[in-house]
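Data block below; observations after.
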Amino acid sequence: MKKILVTGGAGFLGSHLTEKLLKENNEVLVVDNFFTGSKKNLEHLLTSPNLEVMRHDITFPLYIETNQIFNFACPASPVHYQYDPVQTTKTCVQGAINMLGLAKRTKSPILQASTSEVYGDPEVHPQPEGYWGKVNPIGIRSCYDEAKRCAETLFFDYNRQHNLHIKVVRIFNTYGPRMDPNDGRVVSNFIVQALQGNDITIYGDGQQTRSFCYVDDLIDVIVRMMNSEEGFTGPVNIGNPAEFTMLQLAETILRLTGSKSKIIYQSLPSDDPKQRQPNIDLAKAKLGWNPKVNLEDGLKETIAYFKRIVA
Ligand SMILES: NC(=O)c1ccc[n+]([C@@H]2O[C@H](COP(=O)([O-])OP(=O)(O)OC[C@H]3O[C@@H](n4cnc5c(N)ncnc54)[C@H](O)[C@@H]3O)[C@@H](O)[C@H]2O)c1
């Protein structure tokens with residue numbers, strides 16, 4: 001039985017990952033400061049004798065024993081990461097230093113949840129891992145984008161300098177049950193607005209695109225990545241390349257919920273990328289992975305979840 005640390009394990013992705021690791025018969029220690037995560041996300045797992053949950057902020061050192069580390073702690077939505085931008089940078093940078101130090105001491109492989117935001121507002125489309133990005137270093141999104149870039153730098157320096165067994169995944173937009181209904185991410189926003197009969201707010205003209213990956217597909221490839229051959233560090237893009245405009249997404253959600261909500265348009269927030277689509281050739285070749293869940297099926301599961309919690 002492996003002892004696995006999941007930082008940010010009470011969040012959206014971390015709780016799904018914890019669930020999968022427990023199913024695969026591992027011992028899991030979740031470390032979370034509950035800034036955006038919630039014990040509710042883990043409620044159904046708490047009876048497991050193999051789960052331990054610890055309140056801790058990863059900007060402070062952590063002394064535990066572990067065999068594998070998944071570093072997921074970090075608020076992921078703009079409303080949350082912009083709420084206290086200095087803390088966001090500290091979580092990404094100081095948090096990475098602390099977790100890398102722990103990995104070094106315990107000789108554990110460590111996987112970093114990086115992000116498509118490292119590409120900024122990309123000039124290359126779709127984005128391959130070799131593209132270095134176009135990122136504003138001083139804007140309101142920089143506390144997240146630049147701090148995640150710095151975390152990647154730290155991972156690769158620990159690998160070169162200390163021979164650490166690292167894995168870096170660049171996660172593209174992911175959705176599914178246990179997303180926070182109030183975090184302003186587009187899928188949860190549209191679904192909650194549709195279910196409550198409120199106007200659906202599209203920022204800009206609705207022609208900007210995103211690619212959405214269902215959470216089960218994403219967790220599958222994250223575990224594959226951790227268990228891949230030692231020399232394969234990534235960074236590797238993970239996401240679903242199927243691309244949709246925000247208008248198409250809104251119309252699909254209106255149809256699936258049967259809502260009578262109206263679509264309204266508001267101005268685009270600054271530095272909002274106009275398009276985002278992963279090139280996943282590397283994940284396909286190295287990890288034998290291809291996302292399976294199409295947008296409609298994933299949205300049906302997500303809508304069913306939001307119906308329960310919004311009601
Ligand atoms: N969801 C996505 O589409 C997406 C896309 C790209 C990258 N990611 C990355 O995946 C990870 C998880 O994202 P998510 O969508 O589950 O977000 P989330 O906000 O639901 O989860 C983040 C978790 O980290 C915890 N946390 C935040 N700061 C912490 C700190 N200093 N110490 C300990 N815990 C802390 C939060 O309480 C929360 O439980 C993040 O690192 C994020 O950057 C997510």
Side-chain angles (χ1 to χ4, degrees), residues 5-19 29-42 53-62 69-99 102 110-119 127 141 143-152 155 168-189 210-219 221-222 225 235-240 273 276 278 298 302:
L5 168 64
V6 179
T7 75
F12 163 48
L13 297 181
S15 63
H16 283 276
L17 175 62
T18 299
E19 187 167 343
L29 170 62
V30 163
V31 160
D32 203 295
N33 69 353
F34 299 108
F35 171 47
T36 50
S38 148
K39 283 188 198 141
K40 267 211 151 321
N41 288 336
L42 298 169
V53 182
M54 182 186 195
R55 182 185 291 269
H56 175 81
D57 185 319
I58 64 157
T59 61
F60 296 94
L62 179 66
I69 303 171
F70 290 87
N71 189 32
F72 275 63
C74 182
S77 75
V79 272
H80 287 140
Y81 69 65
Q82 287 165 9
Y83 172 77
D84 184 348
V86 174
Q87 171 68 8
T88 300
T89 300
K90 276 191 194 163
T91 295
C92 293
V93 177
Q94 190 57 52
I97 292 172
N98 289 332
M99 292 309 112
L102 177 66
I110 178 167
L111 181 143
Q112 167 70 352
S114 190
T115 167
S116 55
E117 303 294 336
V118 300
Y119 299 120
Q127 295 81 54
R141 298 173 73 105
C143 60
Y144 183 76
D145 303 5
E146 291 288 37
K148 285 281 189 182
R149 285 166 68 93
C150 182
E152 286 199 8
F155 268 69
V168 176
V169 291
R170 291 183 178 154
I171 303 171
F172 283 66
N173 277 348
T174 304
Y175 69 100
R178 294 190 218 134
M179 291 181 90
D180 180 336
N182 301 312
D183 72 3
R185 281 190 257 190
V186 65
V187 174
S188 45
N189 250 10
R210 293 290 185 277
S211 312
F212 300 103
C213 185
Y214 188 62
V215 62
D216 289 358
D217 279 332
L218 192 93
I219 299 301
V221 71
I222 282 170
M225 179 60 176
V236 59
N237 288 338
I238 54 176
N240 190 328
R276 210 32 103 45
T302 314

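For ligands, and for the atoms within them, numbers begin at 1 and follow the listed sequence.
Residues Asn240 and Tyr214 have side chains not in contact (no heavy-atom distance under 4.5 Å, counting atoms from C-beta outward). At least one side-chain heavy atom of Gln82 sits under 4.5 Å from a side-chain heavy atom of Arg141. Inter-residue side-chain proximity for Ser211 and Pro278 is flagged as met; some heavy-atom pair is nearer than 4.5 Å. Looking at heavy atoms from C-beta onward, His16 lies out of side-chain contact with Leu218 at the 4.5 angstrom threshold. The shortest distance between side-chain heavy atoms of Phe212 and Thr302 does not fall below 4.5 Å. Between Phe12 and Ser15 the shortest side-chain heavy-atom distance does not fall below 4.5 Å. Side-chain contact check for Ser114 versus Arg170: some heavy-atom pair is nearer than 4.5 Å.
Using a 4.0 Å cutoff on heavy atoms, Lys148 counts as a contact of ligand 1. Under a 4.0 Å heavy-atom criterion, Thr7 is not in contact with ligand 1. Distances from ligand 1 to the non-hydrogen atoms of Arg185 include at least one value under 4.0 Å. Heavy atoms of Tyr175 stay at 4.0 angstrom or farther from ligand 1. For the ligand labelled ligand 1, residue Ser114 lies inside the 4.0 Å heavy-atom shell.
In terms of polar-atom proximity, Asn71 is not counted as a contact of ligand 1, lacking any N or O under 3.5 Å from an N or O of the ligand. Taking distance alone, with nitrogen or oxygen atoms compared against 3.5 Å, Cys74 approaches ligand 1 more closely than that limit. Taking any N or O of Pro75, backbone or side chain, none lies under 3.5 Å from an N or O belonging to ligand 1. Inclusion of Val31 in the set of residues having an N or O under 3.5 Å from an N or O of ligand 1 is not warranted. Taking only nitrogen or oxygen atoms, main chain and side chain alike, Ile58 reaches within less than 3.5 Å of ligand 1. Residue Thr115 has no nitrogen or oxygen atom sitting less than 3.5 Å from a nitrogen or oxygen atom of ligand 1, judged on distance alone. An N or O contact shorter than 3.5 Å links Asp57 to ligand 1 by distance. For the pair Thr59 and ligand 1, the shortest N or O to N or O distance does not fall below 3.5 Å.
Here is the list of ligand 1 atoms found below 4.0 Å of a heavy atom in Asn173: 3 (O). Of all atoms in ligand 1, listed by their number and element, those nearer than 4.0 Å to a heavy atom of Gly37 are 36 (C), 37 (O), 38 (C), 39 (O). Taking every non-hydrogen atom of Gln87 and a distance limit under 4.0 Å, the qualifying atoms of ligand 1 come out as 31 (N). Listed by number with element, the atoms of ligand 1 under 4.0 angstrom from any heavy atom of Ile171 are 4 (C), 5 (C), 6 (C), 7 (C), 10 (O). Interface atoms of ligand 1 facing His56, defined by a heavy-atom separation under 4.0 Å, are 32 (N), 33 (C). Set against the non-hydrogen atoms of Gly8, the atoms of ligand 1 under 4.0 Å away are 23 (C), 24 (O), 25 (C), 39 (O). Which parts of ligand 1 touch Tyr144 is read off a 4.0 Å heavy-atom cut-off, strictly below it: atoms 7 (C), 8 (N), 42 (C), 43 (O). Contact atoms of ligand 1 toward Phe34: 37 (O) (distance under 4.0 Å to a heavy atom of the residue).
Within the set Val6, Leu17, Ile238, Thr36, the minimum heavy-atom distance to atom 36 (C) of ligand 1 is found for Thr36. With distances taken over non-hydrogen atoms, the option nearest atom 30 (C) of ligand 1 out of Leu13, Asp84, Asn33 is Asn33.
Residue, atom and distance of the protein heavy atom nearest to atom 12 (C) of ligand 1 are Phe72 O, 3.5 Å. For atom 17 (O) of ligand 1, the nearest protein heavy atom (residue, atom name, distance) is Ala76 CB, 3.5 Å. At the shortest separation from atom 3 (O) of ligand 1 among protein heavy atoms lies Thr174 N, 2.9 Å. In terms of protein heavy atoms, atom 20 (O) of ligand 1 is closest to Phe12 N, 2.9 Å. For atom 21 (O) of ligand 1, the nearest protein heavy atom (residue, atom name, distance) is Gly11 CA, 3.5 Å. Nearest non-hydrogen protein atom to atom 37 (O) of ligand 1 is Asp32 OD1, 2.7 Å.
Using a distance-only test at 3.5 Å, with no hydrogens or angles considered, no donor-acceptor pair links the side chain of Thr91 to the main chain of Thr59. Side chain of Asn71 to backbone of Gln112: no donor-acceptor contact under 3.5 angstrom is found. At distances below 3.5 Å, not a single donor-acceptor pair connects side-chain atoms of Asp183 with backbone N or O atoms of His80. Listed for the Lys148 side chain is a donor-acceptor partner under 3.5 Å among the backbone atoms of Ala113. Not a single donor-acceptor pair under 3.5 Å links the side chain of His56 to the backbone N or O of Thr7.
Summarising the local packing, CZ of Phe34 is surrounded by more than 12 heavy atoms from other residues, nucleotides or ligands at distances under 6.0 Å.
Remark: Glu146 pairs with Arg149 by the side chain to side chain donor-acceptor pair (under 3.5 Å) rule, at least two apart or across chains.
Rounding to the nearest 0.5 Å gives a distance of 9.0 Å between CG of Asn98 and CG of Leu102. A distance of 13.0 Å separates OH in Tyr83 from OG in Ser77, rounded to the nearest 0.5 Å.
Contacts with ligand 1 closer than 4.0 Å are made by no heavy atom of His80, backbone or side chain.
Closest heavy-atom contact between Val169 and Ile238: CB-CD1, 3.7 Å.
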